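First up is the structure itself, then whatever we jot down about it.
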Amino acid sequence: MTKDNCSFVFVNKKILENINNPGDLRKLSLAELDPLAKELRDFIIDVVSAKKGHLGASLGVVELTIAIHYVFDTPNDLLVWDVGHQAYPHKILTGRKELFHTNRQLGGISGFPKLDESEYDTFGTGHSSTSISASLGMSIASKLKGEIKKNHIAVIGDASIASGMAFEGLNHAGVANSNLLIILNDNEMGIDPNVGALKNYLTSVKNGMDAHQKNIFEALNFAYSGPVDGHDIQSLIKELNRLKTVQGPKFLHVITKKGKGLSQAEKDQITYHAPGKFDRLSGELEYVSESGLPPKFQDVFGITMVELAEKNKKIVGITPAMPTGSSMKFMIERFPERAFDVGIAEQHAVTLAAGMATQGMLPFCAIYSTFLQRAYDQIIHDVALQNLPVVFCIDRAGLVGEDGPTHHGVFDIAFLRCIPNLTIIAPMDEMELRNCMYTAQRKPDGPIAIRYPRGRGSNSEWQKDFQLMERGKGRILKKGKDMAILSLGTIGENVRTLTRKMKNVSIEHIDMRFAKPLDQNLLDQVFSRHNKMITIEDGAIAGGFGSAVLEYANKMNIRDVRIECLGIRDAFIEHGTADELYSKVGLDENGIEKVILRFLKEKIS
């Protein structure tokens with residue numbers, strides 16, 4: 001019996017340990033690739049089970065990753081992953097296997113492709129739907145440089161194809177006549193299940209509809225092929241080799257299973273998108289008791305929204321592909337006809353909210369701070385310019401931790417504060433968040449932005465009676481005579497704890513609540529009592545809350561008060577745990593205390 005006719009083939013059981021780059025991968029026989037896929041999948045499970053990270057998406061693209069690097073001459077051929085949390089197999093096969101245990105840890109490798117981390121990471125992709133535009137730009141540049149044989153591959157998946165930016169890229173790519181291959185990793189999932197008409201179309205193709213009947217991609221001038229089983233390496237390699245010979249824009253439709261190879265991850269794809277620690281053999285999540293713990297801010301938002309919507313029929317909820325992460329899921333479950341997951345479409349989400357507001361509805365639009373950046377024009381032109389009562393519930397404000405600079409929510413105060421008609425509130429705790437939301441729907445007067453962080457609050461007894469807040473009014477939490485600290489948002493909890501510990505210093509602590517409008521009467525009082533003042537925020541210093549205080553002091557010609565602004569410096573902050581990062585930027589209790597003690601010693605000239 002020949003090797004080709006055998007029902008099984010003896011292969012090296014430790015193939016992965018000998019793969020240090022795609023060049024090593026290309027030396028393997030076709031028969032060795034399926035065993036390699038199993039080893040690679042097991043390696044990802046072993047590391048992520050202990051170190052945490054994104055799991056399901058990467059498990060789903062193991063075979064696809066191997067096939068791409070086997071067929072194409074990376075890094076000479078340019079490969080972009082979209083969204084980047086699918087790229088764990090890519091990282092392991094491109095020289096970072098020995099570093100993979102440091103993934104998303106302080107000082108370790110990034111959880112996303114990163115341009116300065118590896119020559120194989122041709123483009124940073126922490127946000128979604130950028131791969132087609134970026135790859136098209138690379139292919140046009142290659143053509144202009146005479147590099148006509150260079151291949152350009154964009155892998156777009158985890159719901160990224162449904163974003164408006166992806167369609168903008170498709171629209172241009174279809175007429176650019178560039179050497180571009182778009183691979184759709186169709187797993188029917190983002191973090192939550194895919195939504196929308198495009199999802200229904202792709203599902204019908206998978207269910208047997210003729211892929212060339214009313215084909216949207218062929219209509220855009222792409223050479224379409226598929227669907228192909230994304231877990232069949234041999235079929236993938238055969239089709240990728242064929243597509244290398246096809247000129248112009250090409251579109252390969254690949255079907256994968258998110259969480260492939262781990263039973264629990266296949267069954268519960270939402271939880272196992274990024275499951276935390278789990279047992280590598282059974283897949284069972286590590287038990288962490290939540291008894292007696294304060295709630296997550298996202299759950300305070302979600303539960304409070306349902307409470308308010310029960311009594312106010314005008315309230316509607318909107319989120320762009322984050323119903324679970326934002327806890328809009330509570331509203332969707334209770335009022336499915338009044339809550340909308342619009343997919344990865346932040347621009348659409350904001351203008352959809354604006355349209356609803358023109359007809360008397362009161363939209364609560366829940367968007368992560370980092371993703372709100374993608375809808376900046378809509379905030380200005382469609383909402384604020386028309387002074388529409390849209391409530392932006394800005395989740396994940398501040399430093400978010402292991403996802404790093406692509407996901408930190410540190411710019412929202414600065415980019416929102418310059419917009420007319422917009423009110424910006426940063427509640428200090430869970431009860432304040434509830435009261436912000438209650439006030440926003442009781443007195444809708446133009447757009448309101450309410451920002452709050454990722455993670456848990458500080459109070460277990462948070463479901464108290466609502467209290468109406470006065471617009472633009474802060475509160476004095478502690479009187480003092482040596483200096484004043486003005487805090488904004490939950491960073492104020494660090495200040496409150498610290499000022500209670502510092503017995504030999506008399507510090508006045510003010511929770512300003514509003515970044516816009518500022519409580520000018522309260523500021524006037526503080527200026528009259530103190531000649532030293534510190535502002536503290538968990539956002540960018542440049543253009544932030546502290547800048548607003550400085551602007552007011554300058555306007556009022558305040559010359560005898562020294563003001564120091566603490567916040568995020570003019571730099572992108574790396575990844576690590578939130579505690580590590582706040583310590584690194586000096587916004588933990590120790591860092592704030594050092595500034596206070598130094599500041600108190602300084603003389604005012």
Side-chain angles (χ1 to χ4, degrees), residues 15-16 18-34 36-37 39-40 58 61-82 84 86-97 112-125 130-157 173 176-185 222-223 225-226 228 230 232-252 254:
I15 304 172
L16 181 60
N18 295 313
I19 304 296
N20 297 309
N21 56 62
D24 295 331
L25 171 65
R26 295 176 200 121
K27 296 174 184 177
L28 299 179
S29 68
L30 290 173
E32 292 174 293
L33 298 183
D34 281 317
L36 172 62
E39 287 187 29
L40 182 53
S58 285
V61 297
V62 167
E63 289 84 2
L64 178 60
T65 307
I66 291 172
I68 291 172
H69 283 295
Y70 194 77
V71 170
F72 292 99
D73 183 26
T74 54
N76 294 317
D77 290 334
L78 303 178
L79 170 63
V80 178
W81 288 94
D82 180 5
Q86 303 173 97
Y88 288 6
H90 163 81
K91 292 206 169 200
I92 294 164
L93 294 176
T94 55
R96 286 162 281 183
K97 179 176 68 223
F112 304 98
K114 191 176 181 183
L115 196 60
D116 61 2
E117 185 178 287
S118 169
E119 63 179 337
Y120 292 92
D121 293 356
T122 61
F123 202 77
T125 49
T130 59
S131 60
I132 299 173
S133 297
S135 293
L136 177 60
M138 294 173 189
S139 67
I140 292 174
S142 294
K143 189 175 180 180
L144 292 172
K145 293 190 294 182
E147 299 170 345
I148 58 176
K149 293 185 177 180
K150 188 184 289 286
N151 293 289
H152 308 85
I153 308 100
V155 181
I156 185 165
N177 195 31
S178 295
N179 190 13
L180 174 65
L181 170 61
I182 298 170
I183 300 176
L184 172 61
N185 170 30
F222 282 82
S225 62
V228 175
D232 184 341
I233 292 183
Q234 310 300 322
S235 296
L236 285 169
I237 288 175
K238 180 180 179 181
E239 185 58 19
L240 289 173
N241 274 318
R242 186 189 72 81
L243 288 170
K244 281 178 70 174
T245 68
V246 177
Q247 298 300 309
K250 304 166 284 285
F251 193 99
L252 175 60
V254 173

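Throughout, numbering of the chain's residues begins at 1 and tracks the sequence. In this text the structure is predicted, and so the values were computed from the model without any measurement.
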Pair T74-R26, side chain to side chain contact (heavy atoms under 4.5 Å, CB included): steps then yes or no: CA-CA 11 Å; T74 54; R26 295 176 200 121; 2.9 Å; yes
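- By the 4.5 Å heavy-atom criterion applied to side chains, F123 and L78 are not counted as neighbours.
- Atoms OG and CG, on S118 and N21 in that order, are 10.0 Å from each other to the nearest 0.5 Å.
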Trace of the side chain to side chain contact (heavy atoms under 4.5 Å, CB included) decision for K27 with D24: CA-CA 5 Å; K27 296 174 184 177; D24 295 331; 3.8 Å; yes
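- A donor-acceptor contact shorter than 3.5 Å links the side chain of K150 to the backbone of N76.
- A heavy-atom distance below 4.5 Å is found between the side chains of I237 and L33.
- Of all the heavy atoms in N179 and V246, the pair that sits closest is OD1-O, 4.4 Å.
- Judged by distance alone, the side chain of S58 and the main-chain N or O of Y88 form a donor-acceptor pair under 3.5 Å.
- From L136, atom CG reaches atom CG of L180 across 6.0 Å, with rounding to the nearest 0.5 Å.
- The two atoms that bring P22 and H69 nearest to each other are CG-ND1, 3.7 Å, heavy atoms only.
- One side chain, H152 or S142, offers a donor N or O that lies under 3.5 Å from an acceptor on the other.
- To the nearest 0.5 Å, atoms CD1 (I156) and CG (N185) are separated by 10.0 Å.
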Audit row: I19, L28, side chain to side chain contact (heavy atoms under 4.5 Å, CB included) steps and yes/no: CA-CA 10 Å; I19 304 296; L28 299 179; 4.0 Å; yes
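- In terms of heavy-atom proximity, L40 sits nearest to P89 at CD2-CB, 3.9 Å.
- Shortest non-hydrogen contact noted between D232 and S235 is OD2-OG, 2.8 Å.
- In this structure, N151 CG and M138 CE are separated by 13.5 Å, a value rounded to the nearest 0.5 Å.
- Panel note: side chain D82, backbone S131; a donor-acceptor pair is recorded below 3.5 Å.
- A side-chain donor-acceptor contact under 3.5 Å links E39 to the backbone of I15.
- Counting non-hydrogen atoms of other residues, nucleotides and ligands closer than 6.0 Å to NZ of K244 gives a total above 12.
- Here I153 contributes atom CD1 and W81 contributes atom CH2; the two are 10.0 Å apart, rounded to the nearest 0.5 Å.
- A donor-acceptor contact shorter than 3.5 Å is absent between the side chain of K149 and the backbone of E147.
- Under the side-chain contact (heavy atoms from CB on, under 4.5 Å) test applied with V71, the options L243, L236, L240 reduce to a single match, L240.
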Full working for side chain to side chain contact (heavy atoms under 4.5 Å, CB included) between L79 and F72: CA-CA 9 Å; L79 170 63; F72 292 99; over 6 Å; no
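- Rounded to the nearest 0.5 Å, atoms CD1 (I183) and CG (L64) are 5.5 Å apart.
- Of all heavy-atom pairs between T94 and R96, the closest is OG1-NH2, 2.8 Å.
- Using modelled atom types, no side-chain atom of Y120 and backbone atom of L93 make a donor-acceptor pair closer than 3.5 Å.
- T245 contributes a side-chain N or O that, together with a main-chain N or O of R242, makes up a donor-acceptor pair within less than 3.5 Å.
- Side chains of T65 and H90: a donor-acceptor N/O pair is absent below 3.5 angstrom, by distance only.
- Among all heavy-atom pairs drawn from K91 and F112, the shortest one is NZ-O, 2.7 Å.
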